[in-house]
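Take a look at the structure set out below.
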Amino acid sequence: MEVQESTGRTQIWARPSIPCINLEEHSIVFQQFEIDECIDPHSASRSPMIRMFGLTEGFLPYFYIPAPNGFKSGDVAEFKSNLELVLQQEASSGGRELLNRVEVKFKETIQGFHGKQKCPFLKLSFVDTKTLNVARRIIEDGNFTFKGREVGAITFESNIKYVLRFMIDCKVTGANWIELPPKTYRFCAEFEKYSRCQLEIITSHPPEGDWLKIAPLRILSFDIECAGRKGIFPEAAQDPVIQIANMVTIQGEKNPFIKNVFTLNSCSPIVATDVLEYYNEGNMLQAWCDFVVEADPDVIIGYNIANFDLPYLIDRAYHLKVTRFPYFGRIKGDYMVMQRDHKLRSYTLNSVCAHFLGEQKEDVHHSIITDLHNGNPESRRRLAIYCLKDAYLPQRLMDKLMCLINYLEMARVTGVPFSYLLSRGQQIKVISQLYRKAIEQDFVIPARKNVDGTDEPFEGATVIDPEKGFYNVPIATLDFSSLYPSIMMAHNLCYSTIVDQREIDNLGLKNDSDYIVTPYQSARFVKAEVRKGLLPTILEDLLSARKKAKADLKNETDPFKRAVLDGRQLALKMSANSVYGFTGASAGQMPCLEISASVTAYGRQMIEQTKREVESRFTIENGYTHDAQVIYGDTDSVMVKFGVDNLDDTMKLGQEAAEYVTGKFLRPIKLEFEKVYFPYLLINKKRYAGLYWTNPQKWDKLDTKGIETVRRDNCLLVQNVIETCLRKVLIDRDVSGAVAYAKKTISDLLQNKIDMSQLVITKALSKSDYSAKQPHVELAERMRKRDPGSAPTLGDRVAYVIIKGTKGAAAYEKSEDPIYVLENNIPIDTSYYLENQLSKPLLRIFEPILGDKAESLLIVPTCLGCKVPLTKDAGSVVCRHCKPKLGELYQKQLVTVNDFETRFARLWTQCQRCQGSLHQDILCSSRDCPIWYMRKKAQKDVQDASTVLEKFNCAW
DNA sequence: ATCCAAGGAGGACCAAATATTAAGGGATGA
DNA sequence: AATGATCATCCCTTAATGTTTGGTCCTCCT
């Protein structure tokens, strides 16, 4: 759906598939779903166009500059012609007017509090965005003077995208509904499916009430297969596209209503699928393009399509000279492209991710694709089925994670176009909200000139030193809800409330009653009674919306709607938190250390104060049964050991403490009692596990933080062993069972009984230029040499196992591709897995429970004959195979013991000789004497060897 | 040309610096 | 009696090996 304006008429391009379209007699109501800017391809003037509403005269790009000193309204004309002249010189536009308008507006900068004084600003409107940028540069570089004086150097609101500018000014938010009243639009002749409408009579409905609904969006999911040459990544210039599988689904419906596959060459039929055979690649691409136009999807999704499939298709079409294909290029621009990007990956939590990766593994290896294609209709059918599956998976993934709806909610909440959520970062959302609030109060926002690399990081949050250990009493957890947002609200922190000493003196402001001083370098902010900040207002809106979403969630029973509401409240929470991040992003658009560093400074104070308050109030002296102790805390939470041994009382105390501490802070800062851990295993900062209780009857879950079970850079074996051990210890309270399980696993590992899938380690290949050698980096490099087509690329996770190598070889030399290892029967370095993967995590969790005895965990009985680890057969010292040699081994051991004894005796005598008496015990413990060490070692050798010998005696 | 939320923290590895031990070779003296 | 050859021993250097430390990288926590 698009609107375009040229010569005063606004043209709306609406989709015919939208319901309630009934030509000019009726309203058109539609959900605007994509909005961007481009050059109108159909007008000779190359005017800029917004695809949702296009504007040339009705809405022009503009920015503000402070009016020069002594500027009078009569100076406008002169100013305009002067600036126009400079622009003309710069642009050589052939005389076309570039500066459309200059107006005086009374505004106030958002940066700093200056006594609510509105000052004159010049609003400069340009004919296009390119000119705007030229003008911005000239003014910011100080190259424009008016009446002999340099103008500006600083510009306002010049760095916001045209599209967003338009949406903000017209109060259009992302994915809301737009209404065109009857008889205000007409259809465009050359493209019948599009219509025209005057801008002024468009109604934008805020996403409330009825307008919360979601249009029945069409989603096209597709995947292509290319016939690459052996070992070479397919290149569009040479390698043909051989199949394109497509599915079109209506959002919310279970099954696709179109399911087809375009194949090059014949292909056997597939159930419930249209198989469209082509014998010429160009024809196929053309037909596919026509199909996309016909299907007219709102959303196109696929695995990595934005980075591979789409560019490949366009490239390929260009090389095949498919003349009508460029049309697709235009279409493509009209849709948002959802890519399977990292954001989505972070949504896919460990289990979901593993689940889907598991399915993805069935992907045909690229080297086989060409063979299947060159086979017969049957083999091509097999390929088509894989291709269809690849098209289907993203669809299911999206349904499962409900990203579409979550994103929709996010677009509506923050007011940015839908596609920004995929292609842009967090900042744009805050900017959008900031501008929307600013415009209501005649604030203007300064544009940062050039990102000066002042990358000075500021101090972050405090992490209380943990009292490590295993707690067999309930531990209560108290959290500040939305800590950073509530600090900003409580202290009215905003760009518009910062005030410096000069201004304080000027305006006669009084400390504490008019302004406050924060713990960060004495930054000062005026209080809300003087002026309420924009950021606190934005945060209040977000958090009250979240409160509402959470309340609705409580009353909602339908699982689908519940998920939507949950997605919304999460989106709102995320948005609220990113406001703080926005002020702290030193390379961002509006960093403000006074705000961000004050926020963290307050946070640090608060966590310390909370600890003090709790520990000083909940004491025996004050009538409680125990002295409470804060055993850990990170950023916005404290873990309290009240000392009582039952859940009921702990929860009551937790509740009481939360209320008590909340009373010590400004509204809306609130400390909440959230949960109790019992038992609780605190391993280190940011590493703990515990059984999670919210009611005293039944525990909710096993919660683990930062431990190997939740980390993706460990192999599954480690994850599983740790997870199982934790379950046994924390849930079943069966320590010896956990120990036995760990021992059994180690034994299995050393006997090569562990499935290799359990040993695969994955690490992200995050950059191209590593200084330190690492297993996954080196392997990726080796794989690239072996087969560039399948080697991991930047951003991929590299999977590897550690194989046996020469003694002392570094881990990065022993990493290998798991598939390669399987195919070539390469032995795994099991001792690496024991020593480098399993041992440390195991020791970490058992150490607080078993103390020094934890060490023994890793010692596994081995056969005295062949060193094979023994299973739990109690008492035995040799494996089955060595049983016949038992006597021989015993003899050998006996000799060993004797040798050691002789050696020890010799050293012993030597020491006796040294002290001059052969009849007395040796007292000497001289650390300078080499004999002493040797004697000690010999003594230990004798003991060890004797112990082994003992075992034989037992086994007999 | 366009874009970018933060810091704190643990832990695995690698690599360099250092410390220790073992081995080798030359000087010395018997 | 003086010289030379041989050998054990010492000391030093070198190589190998073990340990600490600093930095990079990944991932997770809030």
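Since we're looking at a predicted model, the values are computed, not measured. Naming convention: chains lettered A, B, ... in sequence-line order (proteins, then strands); numbering from 1 in each chain.
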Touch class at under 4.0 angstrom, heavy-atom based, for A:Arg604 against every strand present: nothing
Sugar-phosphate, base or nothing in reach of A:Gly581, heavy atoms under 4.0 Å: base
Crowding at NZ, A:Lys130 (>12 non-hydrogen neighbours, <6.0 Å): no
Integer-rounded Å distance: C:dC29 P and A:Met574 CE: 16 Å
Spacing between A:Asp713 atom CG and B:dG10 atom P, to the nearest angstrom: 16 Å
Given B:dG11, B:dC13, B:dA9, the nucleotide with the shortest approach to the side chain of A:Asn684: B:dG11
Residues A:Ser831 and A:Asp829: side-chain donor-acceptor under 3.5 angstrom: yes
Interatomic distance, A:Ile431 CD1 vs B:dC3 C1' [rounded to whole Å]: 11 Å
Atom-to-atom span, CD1 of A:Ile707 to C1' of C:dC29 - whole angstrom: 12 Å
Whole-angstrom distance between B:dC4 and C:dC29, as gauged at atom P: 26 Å
Partner nucleotide, any strand, of C:dT20 [Watson-Crick/G-U, under 3.5 Å]: B:dA16
Residues A:Arg784, A:Glu781: salt bridge by 4.0 Å N-O rule: yes
Rounded interatomic separation in angstrom, taking CD from A:Gln589 and C1' from B:dC3: 9 Å
Touch class at under 4.0 angstrom, heavy-atom based, for A:Asp479 against every strand present: nothing
Flag, side chain of A:Arg136 to backbone of A:Thr155, donor-acceptor distance under 3.5 Å: no
Nucleotide B:dC14, atom C1' - distance to CD1 of A:Ile802 in whole Å: 13 Å
